[in-house]
Amino acid sequence: MTVDAAEPGRDFIRDIVQADLDAKRHTAVVTRFPPEPNGYLHIGHAKSICLNFGIAAEFGGRCHLRFDDTNPAKEEQEYIDAIEHDVRWLGFDWGEHLYHASDYFDQIYAWAEHLIQAGKAYVDDQTPDEMRAARGTLTEPGRNSPFRDRAVAENLDLFRRMKAGEFPNGARVLRAKIDMAAGNINLRDPAIYRIVHAAHPRTGTSWCIYPTYDFAHGQSDAIEHITHSICTLEFEDHKPLYEWFLENLPVPSKPRQYEFARLNITYTVLSKRMLTQFVRDGHVTGWDDPRMPTLAGIRRRGVPAAALRDFVGRIGVARANSTVDVAMFDACVRELLNKTASRYMAVLRPLKVVIENYPDGQVEQLDAVNNPEDPAAGTRQVPFAREIYVERDDFMENPPKKFYRLAPGKEVRLRYAYFITCREIVKDANGEVTELRCTYDPASRGGNSPDGRKVQATLHWVSASHGVTCDVRVYNPLFTRPDPGAAGDIIADLNPNSLEVLKDVVIEPALVNVGPEPVQFERQGYFCRDADSTDTRLVFNRTVGLRDTWAKVQAGG
RNA sequence: UGGGGGAUCGUCCAACGGUAGGACAACGGACUCUGACUCCGUGAAUCUAGGUUCGAAUCCUAGUCCCCCAGCCA
């Protein structure tokens, strides 16, 4: 288990757990993270994972990983594998406690027969439409099914024939006999077993009837002796049902359900259904597209698991619906990477600079600090020569007052190298600046001020002859509005500029050998090598940009 | 107009009858060989109306607004 230094925040669920332990209602806390393997895990799941595994760790209990695999029509092995990988990546370990609702299908089936025997469940022959029509509305009670009072023997026979595969999908369903007039619609004789002729990733074709979520979840919790079954708010209405099954079945333990508000983030969609659609329709390149809020996506973007854990700790846990500013997430990523990432120089949009008074053919190796936040990271050497590249944004022909960087006649520092002064601008036929002619001050070697004179800016740069070109993928928010879909059409809110591919990026030679861990491109942001990199062409993803005060000044006019 | 929840700085979370606090964001300043980082400072909130109390974000009453539920999804 990875442990963060930060003290986990207190919240109402931890208070409940503590109180239960203090009152000796439990000797040990047992939680579970119960994903359905019908998609990849996202940041919202991370909140649940950190909560469940975190509580177990803090109170000396354990947390199970249990797949809620009761609907073979939507579930796949690929998702099961990805989920296990992602939970581990986040830093949690379920040890021996890997379970599946499908492990309990025999027991759950037996409990269904038990309910039938007790006269508390019946087979309904109504069509889905008929059932819906008879369910009533939010303000009107439902009507009893004409099959509601079937004899136990008939129900048993029919249910067994459902199991034997005698009927097609949707022909019949097993329902709990509760109360068609209940204000809580979940209690209006909910379906608990349905016919689904589909291969299950784990049980294959052994079954053609499957329990619903309501008839599987609480019982699975009970079988595993879960003490605190933590879920999101939308399941609150299901709690009476959850408890009804626990009370009407000979279960081995009585877990309790607690609900918290699911996570929402600005400019982000955390709905598995939507994310699946984006993948399916090609709006992103896959579940691990770095623009996706999936764990696979942000991992590929370079976000460390520890930063995600930090984020989850900072946002807290409560029962009020809320939407966290994505800036909070970015801040967590920057804070961690600032401490750990090695610094390099990379020019994203190159502009050639020729230093006229620097000897042609001369090359100097200059010392550069790898990480000012971590002296142990040491130094490296960066080659300097007569022709270099600087960032196009670092030059303006007619600069406004607050522009500190290079401009005609202005002197700036090249980081770790020399002071240079812009003497001349070279333009092409279209009037585009193609090159700057500068002079340098040999006395400023290493970037030191020879006579105490100040420059307003320090620029990053790369030697033209030593630099290596590569691709950089700059990711921007996937959506153009903070509340995607709020205007009705979520696809219309997709940001057409969510991915910017830079093809002429020039990086310092040392960057060729970096590993997969994120690095800082000085004055730009944090980047990490993408798996699409080849021996001949490196590809970097921007994890997150640095805070950019100048951009703010510009935007403000 | 059924049932179940929820309202505290711009945002997220605390305060559990006793000075409304932290984080992110914003703004100002210091520092700086990253317009980064760091540091210092500023502004910023208890949904409304009554009531109880020496004292209310917290307890009571009545409202208002928001979210969830009518799958054989989870």
Side-chain angles (χ1 to χ4, degrees), chain A residues 9-12 15 34-36 38 68 70-71 73-74 124 127-128 131-133 135-142 169-175 181-188 190-196 209-210 212-214 216-217 231-240 259 261 263 266 272-273 311 314-332 334-335 338-339 343 345 368-369 372-373 402-405 413-417 419 444 446-449 455-460 482 520-525 545-553:
Chain A
R10 275 284 155 168
D11 54 67
F12 76 98
D15 287 346
E36 183 191 12
N38 66 344
D68 227 332
T70 57
N71 186 2
K74 294 186 174 177
D124 196 338
T127 65
M131 271 183 61
R132 188 176 314 116
R135 186 151 32 228
T137 67
L138 294 180
T139 52
E140 305 163 83
N169 290 353
R172 285 179 230 266
V173 74
L174 184 69
R175 290 229 253 172
N184 182 340
I185 290 174
N186 292 303
L187 264 18
R188 318 241 262 231
I192 59 177
Y193 255 98
R194 71 289 212 197
I195 300 169
V196 181
I209 57 171
Y210 293 89
T212 58
Y213 162 85
D214 286 311
H217 202 94
C231 63
T232 44
L233 251 28
E234 66 268 28
F235 291 101
E236 184 144 36
D237 286 344
H238 292 249
K239 185 151 58 180
E259 313 84 18
L263 174 63
T266 56
K272 246 200 274 185
R273 197 185 124 254
F311 172 69
R314 287 196 212 189
I315 59 175
V317 180
R319 288 178 62 86
N321 290 113
S322 61
T323 303
V324 177
D325 191 335
V326 71
M328 181 94 83
F329 179 71
D330 290 343
C332 293
R334 286 195 194 100
E335 186 176 306
N338 175 52
K339 288 181 231 155
R343 272 62 167 172
M345 291 197 286
V369 175
E373 304 288 325
K402 287 184 181 160
F403 187 79
Y404 300 158
R405 286 108 96 146
R413 173 191 292 111
L414 293 178
R415 189 139 161 92
Y416 302 125
F419 283 17
S444 63
N448 301 304
S449 182
V455 286
Q456 283 186 296
T458 298
L459 273 42
H460 60 279
Q520 184 189 104
F521 288 0
E522 293 217 30
R523 302 208 304 135
Q524 298 284 356
L546 251 29
R547 269 191 65 208
D548 191 347
T549 306
W550 167 237
K552 247 183 269 177
V553 171

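Each chain gets a letter, A, B and so on, in the order its sequence line appears, and its residues count up from 1.
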- Note on the structure: Side-chain atoms of A/A331 come closest, of B/rC72, B/rA25, B/rG35, to B/rA25
- Task: For the side chain of A/A191, starting at C-beta, report the closest nucleotide among B/rG6, B/rC72, B/rA74.
- Result: B/rC72
- Query: Nearest of B/rA25, B/rC69, B/rC72 to any side-chain atom of A/V173?
  - Reply: B/rC72
- Of the nucleotides B/rC13, B/rA70, B/rA74, which has the atom closest to the A/L138 side chain? B/rA70
- CG of A/N71 versus P of B/rC72: gap in Å, rounded? 12 Å
- Query: Paired with B/rC16: which nucleotide, if any, by Watson-Crick or G-U wobble criteria at under 3.5 Å for both distances?
  - Reply: none
- Query: Judged by atom type as modelled, is there a donor-acceptor pair below 3.5 Å linking the side chain of A/N184 to the main-chain atoms of A/D237?
  - Reply: yes
- Task: For A/W550 and B/rG35, say yes or no: do the ring centres fall under 5.5 Å of each other while the ring planes differ by less than 30°?
- Result: yes
- Query: When the distance from CG of A/L233 to C1' of B/rG6 is rounded to whole Å, what number comes out?
  - Reply: 8 Å
- Does a nitrogen or oxygen in the side chain of A/T323 sit under 4.0 Å from OP1 or OP2 of B/rC12? no
- Query: Considering only heavy atoms from C-beta outward, does the side chain of A/P240 approach that of A/L187 to under 4.5 Å?
  - Reply: yes
- Options B/rG35, B/rA26, B/rA74, nucleotide nearest the side-chain atoms of A/D68: B/rA74
- Task: To the nearest Å, give me how far apart CZ (A/R188) and P (B/rC69) are.
- Result: 15 Å
- Output yes when at least one side-chain N/O atom of A/T137 is less than 4.0 Å from OP1 or OP2 of B/rG2, else no. no
- Note on the structure: From NE2 of A/H217 across to C1' of B/rC73 the rounded distance in Å is 14 Å
- Check whether any side-chain nitrogen or oxygen of A/R413 sits under 4.0 Å from OP1 or OP2 of B/rU32, and answer yes or no. no
- Query: Looking at A/R135, does any N or O in its side chain come under 4.0 Å of the phosphate oxygens OP1/OP2 on B/rC72?
  - Reply: yes
- Does a side-chain heavy-atom distance below 4.5 Å link A/L263 with A/I315? yes
- Report yes if at least one side-chain N or O of A/R334 is closer than 4.0 Å to OP1 or OP2 of B/rC37; otherwise report no. no
- Heavy atoms under 4.0 Å, any strand shown: does A/P34 hit a base, just sugar-phosphate, or nothing? nothing
- Of the candidate nucleotides B/rU34, B/rG3, B/rA70, which contains the atom at the shortest distance from the side chain of A/I185? B/rA70
- For atom P, what is the distance between B/rA36 and B/rA30, given to the nearest Å? 13 Å
- Using a cut-off of strictly less than 4.0 Å, decide whether A/T549 has a side-chain nitrogen or oxygen near OP1 or OP2 of B/rA36. yes
- Task: Select one nucleotide: of B/rC72, B/rC16, B/rC12, the one nearest the side-chain heavy atoms of A/D15.
- Result: B/rC16
- At under 4.0 Å between heavy atoms, what does A/N38 touch on the DNA or RNA strands: base, sugar-phosphate, or nothing? nothing
- Quick one: label A/H238 by what it contacts on the DNA or RNA (base, sugar-phosphate, nothing), any heavy atom closer than 4.0 Å. base
- Query: Is there side-chain contact between A/K402 and A/W550, with heavy atoms separated by less than 4.5 Å?
  - Reply: yes
- Expected label for B/rG71 (glycosidic angle, syn inside 90° of 0, else anti) would be syn
- Item | Atom-to-atom span, CG of A/N338 to P of B/rU38 - whole angstrom | 6 Å
- In Å, rounded to the nearest 0.5 Å, how long is the span from OH of A/Y404 to OG1 of A/T458? 12.5 Å
- Message: Students often get this wrong, so: under 4.0 angstrom with heavy atoms, is A/F521 touching a base, only sugar-phosphate, or nothing?
- Response: nothing
- Query: Would you say A/P372 and A/R343 make side-chain contact, with heavy atoms under 4.5 Å?
  - Reply: yes
- C1' gap between B/rU19 and B/rU58, integer Å: 16 Å
- Item | Side chain of A/E236 (C-beta onward), nearest among B/rC13, B/rG35, B/rG5 | B/rG5
- Under 3.5 Å, is there an N or O donor on one side and an acceptor on the other linking the side chain of A/Q520 and the base of B/rU34? yes
- Using the P atom as the reference point in each nucleotide, state the distance between B/rC16 and B/rC24 in Å, no decimals. 24 Å
- Task: Please indicate yes or no: is the ring centre of A/F235 less than 5.5 Å from the centre of the six-membered base ring of B/rA74, with the two planes inclined by under 30 degrees?
- Result: no
- Query: How is A/V196 classified with respect to the nucleic acid when contacts are heavy atoms under 4.0 Å: base, sugar-phosphate, or nothing?
  - Reply: nothing
- Note on the structure: Paired with A/L459, the side-chain contact (heavy atoms from CB on, under 4.5 Å) test is passed by just one of A/R523, A/R415, A/R413, namely A/R523
- Query: A/I315 CD1 to B/rU11 P: how many Å, rounded?
  - Reply: 16 Å
- Item | Counter-base of B/rA26, judged by Watson-Crick or G-U geometry with both distances under 3.5 Å | B/rU42
- Message: When you measure only distances, ignoring hydrogens and angles, does the side chain of A/R405 come within 3.5 Å of the base of B/rG35 through a donor and an acceptor?
- Response: yes
- Can you tell me if the side-chain N/O atoms of A/R314 get under 4.0 Å from OP1 or OP2 in B/rC12? no
- Item | Basic-acidic side-chain contact under 4.0 Å: A/E36, A/K74 | no
- Please determine if a side-chain N or O atom of A/K552 lies less than 4.0 Å away from the OP1 or OP2 oxygen of B/rA26. yes
- Message: When both hydrogen-bonding distances must be under 3.5 Å and the geometry is Watson-Crick or G-U wobble, what is B/rA70 paired with, if anything?
- Response: none
- Task: Give the rounded distance in Å between these two atoms: NZ of A/K239 and C1' of B/rC69.
- Result: 15 Å
- Task: Taking atom C1' in both B/rA57 and B/rA14, compute the distance separating them and give it to the nearest angstrom.
- Result: 11 Å
- Do the side chains of A/Y416 and A/V369 get nearer than 4.5 Å, heavy atoms only? yes
- Scan every strand shown for a Watson-Crick or G-U wobble partner of B/rC65, both distances under 3.5 Å, and answer none if you come up empty. B/rG6
- Item | d(NZ, A/K74; P, B/rG71) in whole Å | 13 Å
- Query: Can you tell me if the side-chain N/O atoms of A/R523 get under 4.0 Å from OP1 or OP2 in B/rA36?
  - Reply: no
- Task: With C1' as the reference atom in both, quote the distance from B/rA45 to B/rA23 in angstrom, rounded to an integer.
- Result: 15 Å
- Query: Do the non-hydrogen side-chain atoms of A/T70 and A/H217 ever get within less than 4.5 Å of each other?
  - Reply: no
- Query: Are any of A/R194's side-chain N or O atoms less than 4.0 Å away from OP1 or OP2 of B/rC73?
  - Reply: yes
- Message: Should the side chain of A/D237 and the base of B/rG3 be counted as holding a donor-acceptor pair, with the cut-off at 3.5 Å?
- Response: yes
- Message: Classify A/K402 by what it touches in the nucleic acid, base, sugar-phosphate, or nothing, heavy-atom distance under 4.0 Å.
- Response: base
- Whichever of A/F329 and A/R547 has the more 5' nearest nucleotide on RNA chain B, that residue is A/F329
- Item | Closest listed nucleotide, where the reference is the side chain of A/A327 and the choices are B/rC73, B/rC24, B/rC68 | B/rC24
- Task: With RNA chain B as reference, determine whether A/A457 or A/N184 sits nearer its 5' end, using the nearest nucleotide of each.
- Result: A/N184
- Task: Could you work out which one of B/rU34, B/rG5, B/rC13 sits closest to the side chain of A/L546?
- Result: B/rU34
- Query: A/S449 near the nucleic acid: base, sugar-phosphate alone, or nothing, with a heavy-atom cut-off under 4.0 Å?
  - Reply: nothing
